[in-house]
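In what follows, a structure is listed as structure tokens, so that the remarks can point back to it.
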There are 2 protein chains.
Amino acid sequence: MVRMADVAREAGVSVMTVSNVVNERLPVNEPTRARVMAAVEALGYEVNLTARHLRAGRTDTVAFIVPSFHDYFGEVSDKIAPLIEAEGRHLVLERTSGSPEHEMAALSVARLQLYDGVLLSVAGLDRDQLDRVRTTKPIVLLGERDVPDRFNHVRLANEEGARLATAHMIEHGSRRIVGLGCTFDTAHMMTSDRRIGWERAHRDAGLDVDARYVVPISTFTSAAGRDALLDVIASGLPFDGVFAVTDVVALGAVAALAESGLRVPTDVQLAGFDNLDMSSFVPPGLTSVDANHEGVAETAVGLLHRQMAGWTGPAEHVVAPVRLVVRGSTRGGA
Amino acid sequence: MVRMADVAREAGVSVMTVSNVVNERLPVNEPTRARVMAAVEALGYEVNLTARHLRAGRTDTVAFIVPSFHDYFGEVSDKIAPLIEAEGRHLVLERTSGSPEHEMAALSVARLQLYDGVLLSVAGLDRDQLDRVRTTKPIVLLGERDVPDRFNHVRLANEEGARLATAHMIEHGSRRIVGLGCTFDTAHMMTSDRRIGWERAHRDAGLDVDARYVVPISTFTSAAGRDALLDVIASGLPFDGVFAVTDVVALGAVAALAESGLRVPTDVQLAGFDNLDMSSFVPPGLTSVDANHEGVAETAVGLLHRQMAGWTGPAEHVVAPVRLVVRGSTRGGA
DNA sequence: GAGCGGGATTTTAGCGTTAAAGTAAAGAGT
DNA sequence: ACTCTTTACTTTAACGCTAAAATCCCGCTC
């Protein structure tokens, strides 16, 4: 390993002068600078980031900590990365599997030291656990769980999105809409909020809310969505609409409906949530609540930058607006 | 920040004893150990990982460097993570956008220092550029590009997979199969290899290879796949099969066919490559070449572990076997 | 020609940890 | 009683870098 000291010896200057050249901190005379640069090239020197970090107390790196790397989080991460890089920092992703233990470990003193700031997509921790986190490190929380006031937080208008999607299907003739995965669950505020929206759309339209149409799913996967809807079909419960709690789950519903010979949107209307890249391509086009990933990314990164720049005002709690993207899976579509 | 020195003072021992308790390196008498642990708890001490790294020369972290976070790479990352964690290390993801500059930067001396090992999915660098990388850091390269012998490398049986998929469609009656995205391109060995497989399937069956059926696409996205296939349809070129270079592109083809009123598999058979999670749910089920993400992950991580454990034998170049998963989008399916 | 201002460069002093060598005291062997 | 081990803990010396203070050198003033 080539050290600054090696470069300094080669160039006949002190280590500090090399540091000043490399970091462009204090001005260095041109002839000296040239000699140092030549030595850097000749030896192939590159700074030791760990040593710099220890000494300077800054890593120029931001972590985005997610439950899993695929689907929704993968797409959001790709929006966040350029925003972080635009400020000259690196973005790294870490995975928690959504477990409270992993999320807590990610917020531990030891791990937070590795980053200048952290974006955490909360899936497992509750308000009390988060309240135990003591740190001044810039942190922005994402996701639908309840969090302490002192953290910056960005979440989606879940209830409104679910209401929009459900109301849209009611407007176009559906009367028995399955809420696929819309369970009332303290562990998943997201599903609870979306269920409330599903209910409100019914009430707003003067329709009964029938608990049999709330169908729980074991995990938020397409496979679970498909299986759950197949069970509904097999049970004989009549339905003419499906609001799936996420697009991934909706894709499972698409498969279940196709296998069962039910036509979309003629027999059953279908809407999801997240508006993933794939959603516009799955025939006949999946109507979905668009959460504006890009806007969410900008908001979250903006709050983080503000904190990293030294802002100490009160934390913000942003509810990102949503809109309904109507496609062929509902009758309002093209 | 609480330092080891603070714990040492609190417990009335030397810093080194604290270190020995925390790391369980040298044995410490039980009463002393208990006092140190009590002080650790009382002060909320956690080790400074940066300092440990600088001193010990080890980060217990592995990086997986990918072109982008979504789709294929997101799914593979989720397979890799548990394998790295099983050995007590952390996995972090970094993104290169597939650009040679970013990939080269990720392999720079400075950045490699941050990790005990690196998995790099090569998308932009060519053999010569990779050959300029001088390091003894454990590295495993993934992907379809040509790489120097001295690197461990895992790639897929691209040609064989493309041949399998194409031959399967020929066997079930297709005679004019579009190779969607299967261009001959030095920048993308992946597409070239898959094109060769597409060609070989034709020759094996005694069919002509018609260059008009090789359709280039601008990017490997569903949107590009859809647009390109719509152009083919508009051009009037007759076809009865589509082999898409990836499942993401195949999804675009699904959309184009549906919009154009072409039935799958009756009018047109369709097969993709990668067997993503979504592929089994998109009606009528996407026939796809399965690259066995899990097996690829195990192989790559195995090679990395071997290197991190000190193995200095010759590098291995693994070609991961593929198999065809037949679903409803081709006529052999259920 | 003594004194001063200021740019260029070096010296000093760690950042928080750990490998290795050192010391002190208790126990074992002859 | 004196070595010889063994156990328990401490001291020393970095790892490679940089903020801040100190020094050096030069031209310039009066």
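By convention in this document, chain letters (A, B, ...) are assigned in the order of the sequence lines, proteins followed by strands, and residues within each chain are numbered from 1.
Under a 3.5 Å cut-off, the side chain of N20(A) and the backbone N or O of R25(A) do not form any donor-acceptor pair. In this structure, the side chain of H293(A) does not engage the main chain of F73(A) through any donor-acceptor pair within 3.5 Å. Although no hydrogens or angles enter the test, the distance criterion places no donor-acceptor pair under 3.5 Å between the side chain of D116(A) and the main chain of V62(A). With R155(A) contributing its side chain and H317(A) its backbone, the two residues share no donor-acceptor pair below 3.5 Å.
Computed from coordinates, the R3(A) CZ to dC17(D) P distance equals 8 Å when rounded to whole Å. Between M16(B) atom CE and dG22(C) atom C1' the separation is 13 Å, expressed in whole Å. One atom, CG of L114(B), and another, C1' of dG16(D), lie 14 Å apart when rounded to the nearest Å. What separates CE of M1(A) from C1' of dC15(D) is a distance of 10 Å, to the nearest Å. Taking atom NE2 of residue H53(B) and atom P of nucleotide dT18(C), one finds them 13 Å apart after rounding to whole Å. Following rounding to the nearest Å, R58(A) (CZ) and dC15(C) (C1') show an atom-to-atom distance of 13 Å. Across the protein-nucleic acid pair, L49(A) atom CG and dC15(C) atom C1' stand 16 Å apart, rounded to whole Å.
Nucleic acid contact class of V13(B) (heavy atoms, under 4.0 Å, all strands): sugar-phosphate only.
In terms of heavy-atom proximity, V133(B) sits nearest to M104(B) at CG2-CE, 3.8 Å.
Heavy-atom distances to DNA chain C give each of R52(B) and L26(B) a nearest nucleotide, and the one nearer the 5′ end belongs to R52(B). Ranked by how close their nearest DNA chain D nucleotide is to the 5' end, M4(A) and R55(B) are led by R55(B).
Contact between the side-chain N/O atoms of R25(A) and the OP1/OP2 oxygens of dA19(D) is found at a separation under 4.0 Å. Between N48(A) and dC15(D), a side-chain N or O to OP1/OP2 separation shorter than 4.0 Å is absent. Contact check, T17(B) against dT10(D): a side-chain N or O comes under 4.0 Å of OP1 or OP2. The side chain of S19(A) places an N or O atom within less than 4.0 Å of a non-bridging phosphate oxygen (OP1 or OP2) of dT18(D). The side chain of N20(A) places no N or O atom within less than 4.0 Å of a non-bridging phosphate oxygen (OP1 or OP2) of dT9(C).
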Derivation of the side-chain contact (heavy atoms from CB on, under 4.5 Å) call for V28(B) and V36(B): CA-CA 10 Å; V28(B) 175; V36(B) 170; 5.8 Å; no
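Ranking dA20(D), dT11(D), dT18(C) by closeness to the S14(B) side chain, first place goes to dT11(D). Closest to the side chain of L54(B), from the set dA19(C), dG16(C), dT17(C), is dG16(C).
R58(B) places a side-chain heavy atom less than 4.5 Å from the side chain of R52(B).
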Please write out the pairs of protein N or O atoms and N or O atoms of nucleotides 4-8 of chain D separated by less than 3.5 Å, giving the distance to one decimal.
unit_1, atom_1, unit_2, atom_2, d
dA8(D), OP1, N29(B), OD1, 2.6

